[in-house]
Asker: 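Mind looking over this structure? Questions follow.
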Amino acid sequence: MIHLIWVALICIGFVFAAAQGNIEVVTKAAFDGATTGVTVCFGLISVLVFWMGMMKLAEDAGLLQKISKLLSPLVAYLFPDVPRNHPAMGYILSNMSANLLGLGNAATPMGIKAMQELQTLNPDKQSATPAMCTLLALNTASITLIPTTLIAIRLNFHSAHPAEIVGTTLVATAIATFAAIAADRWYRNRELRRRPPLKPPTQTSLPPSTSSAPTSVASSSAPPVSTPAVPRTGITATKGRDITWKG
């Protein structure tokens, strides 16, 4: 869907530029944008390599493990339907730790691996589970302590104070994270209320007992036994005298 939107925007821009007779402006803007993109990418390489190295040092020193332990109670609360010892929990903790340090490029592979592990717990492979929705919300609006990428972009464009956005970024991302968690909790509770309650099994749903089966078969297959008629008169075998029965 995203590629269709971009193709539509490019085609609409060309059509409007051709209608106004400014097609050369579109061509110049395309080449200028490509040049700026390459320049920004080269400017980001040094900063991203530096912070990726710092993250590797922090991982080897055990800092990420300590951050993961601090976040584990929060993750257990946010993902109650994921087992604590499941591999997805480790990837979720790594994703959140990388987002805290502003390393979006490092957090993306961890988020993808976490989604793949959560898919193994998904009973319906065609729809996302609540845990997947929670992870997507947290990855999109995550608290960022050090906005590494934004600082690198500001440095590339010769900002006088590239790190002055740390405080405002922290406040903005904290508000976004709390809003994402609140929305996730609300939708979770609404889905739980919409689920129909489980009905207890009725007596008719139980299978017939095996002890009554032979009796029913015998009663259906055997011919009915008629009771012999009792005579109104007769002689008893024990007393040998005539007894007249009164009807």
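Index from 1, following the sequence.
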Asker: Can you give me the closest heavy-atom contact between Met132 and Leu118, atom names plus distance?
Answerer: CE-C, 3.6 Å
Asker: Are Leu138 and Phe79 close enough that some pair of their side-chain heavy atoms sits under 4.5 Å apart?
Answerer: yes
Asker: Restricting to non-hydrogen atoms, name the atom on Cys133 and the atom on Ala128 that form the minimum distance, rounded to 0.1 Å.
Answerer: SG-CB, 4.2 Å
Asker: Tell me which pairs pass side chain to side chain donor-acceptor pair (under 3.5 Å) where either residue lies in residues 133-146, with sequence neighbours left out.
Answerer: Asn95-Asn139, Asn99-Asn139, Thr134-Asp184, Thr134-Arg188
Asker: Asp124: what forms a salt bridge (Lys or Arg N to Asp or Glu O under 4.0 Å) with it, not counting sequence neighbours?
Answerer: none
Asker: Suppose clustering is done on Ile, Leu, Val, Met, Phe, Trp and Tyr with side-chain heavy atoms closer than 4.5 Å. Which residues sit in the same group as Ile175?
Answerer: Val171
Asker: Applying side chain to side chain donor-acceptor pair (under 3.5 Å), which residue pairs with at least one partner in residues 161-181 are found, sequence neighbours left out?
Answerer: Arg154-Glu164
Asker: When rounded to the nearest 0.5 angstrom, what distance separates CE in Met115 from CG in Leu135?
Answerer: 4.0 Å
Asker: Could you tell me which non-hydrogen atom of Pro147 sits nearest to which non-hydrogen atom of Leu145, and how far apart they are?
Answerer: CD-O, 3.9 Å
Asker: Do Leu121 and Thr129 come within less than 4.5 Å of each other through their side chains, counting heavy atoms only?
Answerer: no
Asker: Tell me whether Arg185 forms a cation-pi arrangement with Phe178, defined as NZ or CZ under 6.0 Å from the six-membered ring centre and within 45 degrees of its axis.
Answerer: no
Asker: Kindly state each residue pair satisfying side chain to side chain donor-acceptor pair (under 3.5 Å) with at least one member in residues 113-123, sequence neighbours excluded.
Answerer: Gln119-Asn122
Asker: Could you work out, with side-chain hydrogen bond (donor to acceptor under 3.5 Å, both in side chains) as the rule, every residue matching Asn189, not counting sequence neighbours?
Answerer: none
Asker: Looking at Ile151 and Pro162, what are the two nearest heavy atoms and their distance?
Answerer: CG1-O, 3.7 Å
